[in-house]
Amino acid sequence: MIKIWWIFYKKIFLYSLLLTGLATPLALSLEGSSVPAFLAFIYAFVSPFVHLFFYEVNRPEEYYFYANLGLLKLRLRLITTGITLIMITFISLLL
């Protein structure tokens with residue numbers, strides 16, 4: 001099951017990370033310890049929108065693949081939210 005979740009999430013993970021990376025110069029212009037918090041906030045904001053754009057607008061037919069494996073839209077959105085929270089924690093602790 002984790003492998004299926006990874007197939008789902010890896011398609012949006014790179015785009016979310018790249019869009020967060022675009023905000024890095026803005027984050028570095030901030031002073032002090034607010035840089036990790038700002039990057040985590042940007043990632044938390046960008047990731048759900050990338051999910052919605054990638055799967056709802058660009059490839060809505062891929063939901064049938066995941067539905068056949070027992071993962072409905074709500075569960076996939078919860079997976080995205082959970083991984084986003086993990087990434088926020090990781091970004092905040094790493095930097």
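Residue numbers run from 1 in the order of the sequence given. Heavy-atom basis, side chains included; hydrogens, waters and symmetry copies ignored.
Counting heavy atoms from C-beta on, the side chains of Ser47 and Thr80 come closer than 4.5 Å. By the 4.5 Å heavy-atom criterion applied to side chains, Leu52 and Val57 are not counted as neighbours.
Note on Ile79: it does not cluster hydrophobically with Leu85, by side-chain heavy-atom contacts below 4.5 Å among ILVMFWY residues. Ile83 and Leu18 end up in different hydrophobic clusters when Ile, Leu, Val, Met, Phe, Trp and Tyr side chains are linked at under 4.5 Å. In this structure, Phe53 is not a member of the same hydrophobic cluster as Val46, with clusters built from ILVMFWY side-chain heavy atoms closer than 4.5 Å. In terms of hydrophobic clustering, with Ile, Leu, Val, Met, Phe, Trp and Tyr side chains grouped at heavy-atom distances under 4.5 Å, Ile42 and Leu22 are assigned to a common cluster.
Annotation: Phe54, atom CZ; neighbour count of heavy atoms from other residues, nucleotides and ligands within 6.0 Å is above 12. Annotation for Tyr9: atom OH counts as buried by contact number, over 12 foreign heavy atoms lying within 6.0 Å.
Here CZ of Arg59 is found 6.0 Å from NZ of Lys11. Values are rounded to the nearest 0.5 Å. Taken to the nearest 0.5 Å, the NZ atom of Lys10 stands 9.0 Å off from the NZ atom of Lys3. Rounding to the nearest 0.5 angstrom, the gap separating the CD1 atom in Ile88 from the OG1 atom in Thr84 is 6.5 Å. Once rounded to the nearest 0.5 Å, the distance linking CD1 of Ile4 with CZ of Phe65 reads 6.5 Å. Expressed to the nearest 0.5 Å, how far CG of Leu17 lies from CD1 of Ile12 amounts to 12.0 Å. Atom CG of Leu72 and atom CZ of Arg77 lie 11.0 Å apart (nearest 0.5 Å).
By the 30° and 60° cut-offs, the orientation of the rings of His51 relative to Tyr63 is tilted. Classified by interplanar angle (parallel below 30°, tilted 30° to 60°, perpendicular above 60°), the ring pair Trp6/Phe13 is tilted.
Less than 6.0 angstrom separates the ring centroid of Phe45 from the ring centroid of Phe49. If you look at Tyr55 and Phe8, their ring centroids are closer than 6.0 Å.
Ser16 approaches Tyr43 most closely through the heavy-atom pair CB-CE1, 3.6 Å.
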